[in-house]
Amino acid sequence: MINIIAIFLGGGIGAVLRYLTGMYCSENFRMNIPASTFIVNIIGSFILGFYIFYLSINRK
């Protein structure tokens, strides 16, 4: 059950960040391509990678 809640929260946070980043990019950079999705996904991947790395070090 905790996995379902984690996926729900992560998906919600990601969707809101994609929307806000898309609005920011379209207003400030006049972009029509979905660069905001790419930017949010890359940042989220780095954060998740650092979090998993941190957990793997502290499991000893």
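No hydrogens, no waters, no symmetry mates; every other heavy atom, side chains included, goes into these values.
Not counting sequence neighbours, the partners of Phe38 by the side chain to side chain contact (heavy atoms under 4.5 Å, CB included) test are Ile42. Residues passing the side-chain hydrogen bond (donor to acceptor under 3.5 Å, both in side chains) test with Tyr54, sequence neighbours excluded: Asn58. Remark: Leu48 pairs with Ile52 by the side chain to side chain contact (heavy atoms under 4.5 Å, CB included) rule, at least two apart or across chains. Evaluation of the side chain to side chain contact (heavy atoms under 4.5 Å, CB included) rule for Phe53 yields Ser56, Ile57 as partners, not counting sequence neighbours.
Residues in residues 6-15 take part in no side-chain hydrogen bond (donor to acceptor under 3.5 Å, both in side chains) pair, two or more places apart or across chains.
Under a 3.5 Å cut-off, the side chain of Thr21 and the backbone N or O of Arg18 do not form any donor-acceptor pair.
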Give every donor-acceptor pair under 3.5 Å between a side-chain atom in residues 1-9 and any protein atom, sequence neighbours left out.
none

